[in-house]
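The next block holds one structure in the form of structure tokens; read it before the comments.
Order of the sequence lines fixes the chain letters, A, B, ..., with proteins taken first and strands second; residue numbering starts at 1 for each chain.
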Amino acid sequence: MTTRCRIAPSPTGPLHIGTARTALFNYLFARQTGGTFVLRLEDTDQARSTREYEQDILDGLHWLGIEWDEGPEAVDRPARGPHGPYRQSERGQHYAEAIERLLSQDRAYPCFCTPEDREADRLADAAHAGYSGRCATLTPEEREARRAEGRPSVIRFRLGEGSVEFDDLVRGHVSIDTSQLGGDLVIARSDGSPLYHFVVVVDDIAMGISHIIRGEDHLSNTPKHVLLFRALGAELPLFAHLPLILNPDRSKMSKRKSQTAVATYREQGYVAEAIVNHLALLGWSSGDDADLFSLAELEERFDLSRVQPSGAIFDADRLDWLNGQWIRRLAPAELVTRALPFLQRAVAGAAADGYTVRRPTVEDLAPLLPMVVERLPRLDAIGPMLDFVFVEDLEIDPALLLPKRWDAVTTETGLASTRRIVEETGEDDFGAEVLEPALRSLCEDHGWKVGDLFMAIRVALTGRTATPPIFEVMSALGYETTLDRLAAASELAGAIAAEE
RNA sequence: GCCGCAUUCGUCUAGAGGCCUAGGACACCGCCCUCUCAAGGCGGAGAUCACCGGUUCGAAUCCGGUAUGCGGUACCA
């Protein structure tokens with residue numbers, strides 16, 4: 001029998017890190033077993049579901065490389081696969097039929113209780129939490145009478161008695177008594193629309209799902225699903241409840257306490273490879289000392305039986321480290337393509353601040369990247385690292401220009417001497433081979449620390465104190481610009497000296 | 001409250017009765033490299049394996065209890 005698993009996000013928010021992790025594990029399991037991975041949108045909560053969120057989820061999964069074999073394509077494009085439609089809002093027929101069946105077999109019944117009724121029952125019998133069952137035994141005549149009065153009703157599923165047991169692939173045997181489930185379960189609202197616990201089972205049956213791999217937050221709800229599978233005459237799928245991804249305070253990862261939107265990580269310059277790698281390591285481990293895994297390697301090595309049962313804090317530091325590792329492993333051309341938009345955005349930001357800029361192109365960036373790759377924990381770090389090349393009317397912050405041990409006069413002479421040396425060296429020998437020895441002996445002659453001179457040059461050329469090595473910066477800038485900026489900066493140092 | 005699940009360095013984890021004086025990675029600290037920032041190399045500190053009791057010649061590993069944490073308990077998903 002071929003395995004079929006699924007991810008069933010609800011488009012009530014942007015793609016969540018937790019959803020992505022669950023999707024990843026399902027995807028890996030499917031690839032691993034030669035099975036099928038289905039994507040289904042659980043949009044039964046029409047009030048909160050939107051097409052924008054749906055699109056965000058689809059985009060995010062594509063971006064991560066977590067591709068599904070069956071499911072909806074982009075919004076407004078036809079579904080892919082034989083079990084469609086893949087949006088619950090379009091599957092009303094299935095639910096209506098299933099409810100009809102349960103009703104006709106008396107496995108479900110209409111319930112006319114008002115919120116006040118339920119509250120009264122709860123107060124009267126505090127020992128039993130959940131629904132009292134006062135509508136469970138209504139006769140057909142009593143039901144008709146209530147309908148005649150125009151009282152609205154929900155549909156409740158009879159839970160029955162005894163204990164529910166099932167085996168979980170990561171937690172082993174789980175057992176719970178039916179009486180602990182909160183009373184007969186509402187499966188359809190008074191307006192007739194079906195509820196999550198019900199539709200999820202109907203769809204998993206209709207789509208032939210063999211393995212339900214999802215977050216541990218669903219573990220307590222699983223007994224309800226088991227009962228529903230049985231009532232609907234279906235064979236039980238296998239369950240695997242994944243450990244939760246946690247906030248630093250060990251509660252379930254949430255928007256309030258953590259950054260949960262996959263799209264936000266993407267905007268910040270995290271690379272899909274790093275996100276995938278990090279998510280895989282939250283709850284799964286290979287068993288050996290390796291910690292860098294590509295999606296392809298994960299498809300090869302993932303093993304559901306090596307999934308941990310306890311929750312894992314989302315460690316942002318580790319993600320950052322992995323991100324740096326993956327950025328440095330990308331093919332140069334690929335890195336250029338991915339990093340360019342971040343550089344362009346930074347430069348556009350400078351333009352918006354009133355600077356005269358040149359828009360970077362692929363051709364501009366390609367030769368510059370080698371000098372910054374190992375300085376990029378994230379792609380968005382490329383802005384401060386290279387913007388000075390594209391901002392033509394660079395402004396130098398006087399507070400940064402003077403090295404700690406230098407006064408303004410020394411800085412002025414240092415930069416002026418440097419300019420002279422560069423000029424005398426000429427454009428043909430403009431490079432570290434000739435310039436570096438020359439500048440070093442300049443320092444020796446004046447008794448300067450090399451670091452001080454280089455820092456002054458660095459700030460003069462880039463406006464920043466953390467940059468690539470200065471001779472690489474010079475060649476990135478070009479001969480003329482280097483001379484111009486050195487001149488401007490020594491002039492500025494002179495002005496500071498005059499003021500003092 | 002009730003029910004369920006979990007519990008090895010700060011964090012992610014290795015560990016399936018002797019290989020554990022508990023291994024790796026991130027973070028942290030130090031040194032090296034060095035024109036800044038990184039990256040990289042080397043080293044260090046960091047866990048009485050939640051606690052108590054039991055089984056066993058021997059337990060992080062098996063069993064029981066306790067504690068703590070988290071999750072669920074909707075006409076949300």
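Heavy atoms of A/His241 sit nowhere under 4.0 angstrom from any nucleic acid atom. Among the protein residues, A/Leu322 comes within range of no part of the nucleic acid, since none of its heavy atoms lies under 4.0 Å from any strand. A/Ser251 comes within 4.0 angstrom of the backbone, heavy atoms only, and of no base. Within the 4.0 angstrom heavy-atom criterion, no nucleotide atom of any strand lies near A/Ser193. Here A/Val186 lies in heavy-atom contact (under 4.0 Å) with sugar-phosphate atoms only. At a threshold of 4.0 angstrom between heavy atoms, the contacts of A/Arg328 are confined to the sugar-phosphate backbone, with no base atom among them.
Under the 3.5 Å distance criterion, with hydrogens and angles disregarded, a donor-acceptor pair is assigned to the side chains of A/Ser89 and A/Asp43. No donor-acceptor contact under 3.5 angstrom links the side chains of A/Asp45 and A/Ser49, judged on distance only. A/Asp320 and A/Tyr270 share a donor-acceptor pair across their side chains, judged by distance under 3.5 Å alone. If you check the side chains of A/His197 and A/His225, you find a donor sitting under 3.5 Å from an acceptor. Side chain to side chain, A/Ser163 and A/Glu165 meet the donor-acceptor criterion of an N or O pair below 3.5 Å. Remark: the A/Arg214 side chain and the A/Thr222 side chain contain an N/O donor-acceptor pair separated by less than 3.5 Å.
When Watson-Crick and G-U wobble pairs are counted only if both distances are under 3.5 Å, B/rA74 pairs with no nucleotide at all. Across all strands shown, nothing is found opposite B/rU36 as a Watson-Crick or G-U wobble partner with both distances under 3.5 Å.
Using a cut-off of 4.0 Å between Lys/Arg side-chain N and Asp/Glu carboxylate O, A/Glu54 and A/Arg51 are scored as salt-bridged. The existence of a salt bridge linking A/Arg440 and A/Glu444 is excluded, since no basic side-chain nitrogen approaches an acidic carboxylate oxygen closer than 4.0 Å. With salt bridges taken as basic N to acidic carboxylate O contacts below 4.0 Å, none links A/Asp121 and A/Arg118. The residues A/Asp380 and A/Arg378 are annotated as salt-bridged, a charged nitrogen and a carboxylate oxygen being separated by less than 4.0 angstrom. Salt bridge status for A/Arg464 with A/Asp387: present, with a side-chain N to carboxylate O gap under 4.0 Å. A salt bridge is absent between A/Arg87 and A/Glu42: the closest approach of a Lys/Arg side-chain nitrogen to an acidic carboxylate oxygen does not fall below 4.0 angstrom.
Between A/Leu61 and A/Trp68, the shortest heavy-atom distance links the atoms CB-CZ3, 3.7 Å.
Contacts of residues 270-279 of chain A with RNA chain B (heavy atom under 4.0 Å): none.
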Please list each protein N or O that sits under 3.5 Å from an N or O in nucleotides 2-4 of chain B, with the distance.
unit_1 : atom_1 : unit_2   : atom_2 : d
B/rC2  : O2'    : A/Gln180 : OE1    : 2.6
B/rC3  : O4'    : A/Gln180 : OE1    : 3.4

Extract from the structure each pairing of a protein N or O with an N or O of nucleotides 66-68 of chain B at less than 3.5 Å, listing the distance.
none

Atom pairs under 3.5 Å: protein N/O with N/O of nucleotides 43-48 of chain B:
none

Output one line per pair: protein atom, nucleotide atom from nucleotides 33-35 of chain B, and distance, for all N/O pairs under 3.5 Å.
unit_1 : atom_1 : unit_2   : atom_2 : d
B/rC35 : OP1    : A/Arg440 : NH2    : 2.3
B/rC35 : O2'    : A/Arg458 : NH2    : 3.3
B/rC35 : O2     : A/Arg458 : NH2    : 2.4
B/rC35 : N3     : A/Ile470 : N      : 3.3

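How far CG of A/Asn277 is from CG of A/Leu298: 6.5 Å, rounded to the nearest 0.5 Å.
Toward the 5′ end of RNA chain B lies the nearest nucleotide of A/Thr465, the other residue of the pair A/Thr465 and A/Lys224 mapping further downstream. Each of A/Glu374 and A/Thr12 has a nearest nucleotide on RNA chain B; the 5'-most of these lies closest to A/Glu374.
Using C1' as the reference atom, B/rG40 and B/rC51 are 44 Å apart when rounded to the nearest Å.
Contact annotation: A/Lys252 side-chain N/O to B/rG72 OP1/OP2 distance is under 4.0 Å.
A/Arg156 forms a cation-pi arrangement with A/Tyr131, by the criterion of a distance under 6.0 Å to the ring centre and an angle within 45° of the ring axis. In this structure, A/Arg458 is not positioned above the aromatic face of A/Phe454 in the sense of NZ or CZ being under 6.0 Å from the six-membered ring centre and within 45° of the axis.
Note: A/Phe239 and A/Phe229 have perpendicular aromatic rings, judged against thresholds of 30 and 60 degrees for the angle between ring planes.
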- Note on the structure: Given protein heavy atoms under 4.0 Å, the one-letter contact record of nucleotides 9-30 of chain B, with B base, S sugar-phosphate only and - none, is simply --BBSSS--------SBBS---
